[in-house]
Asks: 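Provided herewith is a single structure, encoded as structure tokens, for subsequent inquiry.
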Amino acid sequence: MAEYKTPTSEPEFHANFAQIKPRMNKSEALFESSRCLFCFDAPCIKACPSGIDIPQFIRQINTGNTTGAARTIYEANYFGNACGKVCPTEVLCEGACVYNLQDVKPIEIGRLQSFATREAIEQNKPLFGPGPANGRKVAIIGAGPAGISAACELRSLGYEVDVFEAKSQPSGLTVYGVAPYKITNEEVLAEMTYLENQFGFRVQYNQPIASRRELEALEESYDAIFLGIGLGATNPLLLPGEERNNCVGAVEFIEQLRVQHHRTAVGRKVIVLGGGNTAMDAASESARMGAEDVILAYRRGKEEMGAYEFEYDLAKGVGVKGLFNVAPVEIVGNGKVEGVRFIRTATLHGQVQVVPGSEFVEPCDMVIKATGQAKQTQLLSLIPGLQVDNKGRIVADERTGQTTNPKYFTSGDARNGGAEVVNAAAEAKATARGIHAFLSGGF
Amino acid sequence: MPDLSINFAGIKSPNPFWLASAPPTNSGYQVMKAFDAGWGGAVWKTLGVPVVNVSSRYGGVNYRDKRLVGFNNIELISDRPLSDNLREIEEVKKRFPHHAVIASLMVQSRQEWHDIVRDVQNAGSDGIELNFGCPHGMCERGMGSAVGQEPEVLQTIVEWVMEVAKIPVIVKLTPNISDITEPAMAARRGGADAISLINTIQSIVGVDLDLFAPYPIVDGKGSNGGYCGPAVKPIALNMVKNCAQHPEVQLPISGIGGIENWRDAVEHILLGASSVQVCTAAMHFGFGIIREMTSGLEQYMTDKGFHTIYDMVGKALPNVKHWEDLNLKYKVTAHINEDKCIGCQLCYTACEDGAHQAIQLQEGTRVPEIIDENCVGCNLCSLVCPVEQCITMERRDDGTEHLTWKERTTAGTIPTEFNDERAGGRHHWVPEPAAALGKEQHKTLPGKARQYARADAAALQATAASSE
Ligand SMILES: Cc1cc2nc3c(=O)[nH]c(=O)nc-3n(C[C@H](O)[C@H](O)[C@H](O)COP(=O)(O)OP(=O)(O)OC[C@H]3O[C@@H](n4cnc5c(N)ncnc54)[C@H](O)[C@@H]3O)c2cc1C
Ligand SMILES: Cc1cc2nc3c(=O)[nH]c(=O)nc-3n(C[C@H](O)[C@H](O)[C@H](O)COP(=O)(O)O)c2cc1C
Ligand code: SF4
Ligand code: SF4
Ligand code: SF4
């Protein structure tokens, strides 16, 4: 394979990670928007977790009202630009477009969405502003899609908002997790700056909230606290040899890639463990970093993978090979990773069973574990009365986002267990309304 | 192989496609290039008195992603010296003796008409077209559409021309008039050999939202222009039909207006034209479009078994009736082919808001349902449905009855009260007006809008309740 040369410079990195949803030019946007049928009670809107009035913004683009289109989008979703590029549109809005039923290419809703919002961002179009101050303050922990969306909505309702973020940049996994061929750092951060300019919330970076003392300080100074902390590090596999060099978690690997670009080291032969979307991303990204062989190893059959089909296609498209019905039993090597010992499996009545005596070693020089993210149970245990469910998700009122500790509200991955940017953005907006209802005296 | 050649009022042409008098026929170079590409004839850009043009001079109507569905201009007649044009006409005729070169003319006095008619005859033109149509610039000076709008003046000028004309004379009519057949009859009375129509329609294609001026803009100002292109075809077709059907016109017709492909041309021909002229399409896409036009026409004629153009001229005319002669007993209603439906619900919203509330949504599916009793067969749903053959209009009468308004008039059975069964008769079901309130709100509205809508609906209900 080795279709991609290992990038050694920023331009080479960008060439290997060329955007799969590149920016539309005006003509493209005009042609594409002209195709929208303007469906009644449009199915695309229903399929969008943030309920953007899609036919409306598409028609606005078509009539030259790009600013109005951006307003329509942001009214429903503060991550309008990012979502247009990173949403799995194939299964959301575009998947619902009625053109699919005619075997016609659905409207490229995501790209149109980014087209309109990008223009607003670049021209710093003033679309929204903070509401009249109501004298109340909300603290937000985490500047991810959930935290920033809540901050914007709360500001528009007149709250003072302080955001505390452990990392040095806003937007959470949008900049530290999503694959670089979906969106560039510059683009994510430009939207963040735009929102901050519009709404004027304060963000304190490199400020992890980790102790009971810090939480107490927030509880004292703020009327409500929003938890937008997302998930934690990659789950450990609990296999022998996991500590060897070059055996890394997918989230950590991807974060390094997003930050360090071509300076990230990738093995020549990489084995990715897992069958979810993160596994597909890690595999695609390794291949684009110039790995000669990338193998996706999954416990069950191909059809049972959790990943979206188009994500698997994307990985196959860059030469990733699948190895199915195998379970890792040991990471072998001598200090450094030298291979993975697998045992073959079979799925019987939905249960994965190992085939005795079928062990073999697949050599490699890097292992990426895409086996799910841990929950932030440590931090959550410091909040009195806060309940989490048996999967580690914060329990919260479906409508208002209020947790079992009335002062705390939550949205995003921390509450839904890990979904998409658009879910975090939509839920957080609703939760901000929930906070407003709570603080202004009654749901 | 069908024979595409025509003999139009004595003007012979290898096929019925002519370039209309306009920028594409401004020079010998262009006309020769066009003939070389396959055009059968060309009406030379109108010759006449010296003029000066402005820039810019064209405006366009774009529809969604389609450019120039309508086009307009504030250009005048040829601004090149008459002698240059005459020399070039001569040269073209020498090289293309079998193609039709028609000189379009526009001057004022009898003497000027006599002179210019002789000039173009001497240059070898096959015919003359009198431009009584230009709706801007020339009419203010008593020419162009100013003449086309005054049948008596038109007739007089045609008579002047006929005094010296030795080649066929076509009168080009302006559509800027309430009854196109009046100037057409005047042309006949004056002795013209044929008519051509339509010239451009007086128009403003748009207004610049920043400069507050109509297009095209000349130094911050603009003027009404002449409209043409695909958008004007329906108007042209109707006028061609009116002239073709009129018993006192009875002249060969050259159809002009919105012709861009073979289908448009055939439509003009079926309504009575025996040659067709093209301007905007040639300006938009160049002379090369003639290949598609001739091959499409040839294929159509082959498929239909037409041997010559004259087999099809006016073929649709017997089916164009007055409203009062249409069968009132014929009844169709809409039918949705559920397998084809893609669930866009455009038919629902069109019928609900724009027609007769005869389509309803159903729980659990996006495929709407026709309420047969309410369907008046208006056809709107099938026009908005984006899927071919998904909504069809099915015949509901048994075909045995035939009754027209005229027959009812004669029989003295014109209704004296509103009790039309097709409209549901008296006390027909129409949803209560009050049921319209809040109806749009079940729609999926985005974030804030949804909240506002809910608040509004609640407020509405509260007012309704308090007023009860
Ligand atoms: C590898 C990967 C690829 C993905 N690809 C896509 C994709 O293509 N498309 C898509 O839509 N979604 C994708 N997702 C999912 C998406 O990124 C998340 O659903 C989304 O970012 C969740 O937003 P959030 O705000 O809830 O959490 P996060 O984005 O995780 O943000 C949480 C923020 O809180 C901060 N934080 C956490 N704890 C603390 C603390 N104690 N104190 C202060 N700050 C703290 C974190 O530093 C972070 O900035 C992907 C996820 C992963 C892991
Ligand atoms: C730019 C322009 C200039 C025209 N000039 C003339 C003209 O000089 N003489 C004339 O008889 N018609 C003129 N016309 C009208 C065309 O001949 C024709 O009647 C009209 O454009 C309708 O045909 P179409 O829809 O194919 O364009 C002109 C049209 C255009 C667009
Ligand atoms: S936010 Fe995502 S799902 Fe919603 S319309 Fe935009 S691209 Fe589609
Ligand atoms: S489903 Fe497709 S065609 Fe219909 S409104 Fe949405 S984008 Fe437009
Ligand atoms: S317009 Fe046609 S495709 Fe759309 S819902 Fe109606 S019948 Fe179905």
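Chain letters run A, B, ... following the sequence lines, proteins first, then strands; residues in each count from 1.
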Asks: Are the side chains of B:Tyr58 and B:Pro216 in contact, using a 4.5 Å heavy-atom criterion?
Replies: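 The answer is no, as the side chains (C-beta and beyond) never meet within the 4.5 Å cut-off.
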Asks: With heavy-atom distances below 4.5 Å as the criterion, would you say the side chains of A:Phe409 and A:Leu227 are in contact?
Replies: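 A side-chain contact under 4.5 Å is absent here.
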Asks: I need the residue from A:Asn77, A:Val98, A:Leu101, A:Asn100 with the largest number of non-hydrogen atom pairs under 4.5 Å to chain B.
Replies: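 That would be A:Val98.
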Asks: So, are A:Glu122 and A:Arg23 salt-bridged, with charged N and O less than 4.0 Å apart?
Replies: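 Here A:Glu122 pairs with A:Arg23 in a salt bridge, since their nearest N and O are under 4.0 Å apart.
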Asks: For A:Cys44, is it the side chain, the backbone, both or neither that has a heavy atom under 4.5 Å from a heavy atom of chain B?
Replies: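 Contact with chain B is absent: no heavy atom of A:Cys44 under 4.5 Å.
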Asks: Can you tell me if B:Glu352 uses its side chain to pair, donor with acceptor, with the backbone of B:Gln357 under 3.5 Å?
Replies: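 A pair under 3.5 Å: no.
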Asks: Under the side-chain hydrogen bond (donor to acceptor under 3.5 Å, both in side chains) test against A:Thr72, which residue among A:Gln113, A:Gln60, A:Arg59 passes?
Replies: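 Of A:Gln113, A:Gln60, A:Arg59, side-chain hydrogen bond (donor to acceptor under 3.5 Å, both in side chains) with A:Thr72 is met by A:Gln60 alone.
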Asks: Counting only N and O atoms by type, is there a donor-acceptor contact under 3.5 Å from the side chain of A:Asn423 to the main-chain atoms of A:Ala426?
Replies: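 Pair absent, no side-chain N/O of A:Asn423 close to backbone of A:Ala426.
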Asks: Please identify each residue that fulfils ring-ring contact (aromatic ring centres under 6.0 Å, His included) with A:Tyr99, with sequence neighbours left out.
Replies: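 ring-ring contact (aromatic ring centres under 6.0 Å, His included) check on A:Tyr99 returns nothing, list empty.
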Asks: Below 4.5 Å from any heavy atom of chain B, which atoms of A:Arg35 appear? Answer side chain, backbone, both or neither.
Replies: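 Interface part for A:Arg35: neither.
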Asks: Chain A contacts: which residues in residues 61-68 of chain B have a non-hydrogen atom closer than 4.5 Å to it?
Replies: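 Within residues 61-68 of chain B, the residues under 4.5 Å from chain A are B:Arg64, B:Asp65.
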Asks: Quick check for you: among B:Pro386, B:Cys347, B:Cys344, which has the greatest number of heavy-atom pairs under 4.5 Å with chain A?
Replies: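 Greatest number of close heavy-atom pairs with chain A: B:Cys344.
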Asks: Less than 4.0 angstrom from a charged side-chain N to a carboxylate O is my criterion; do A:Glu191 and A:Arg118 meet it?
Replies: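 No.
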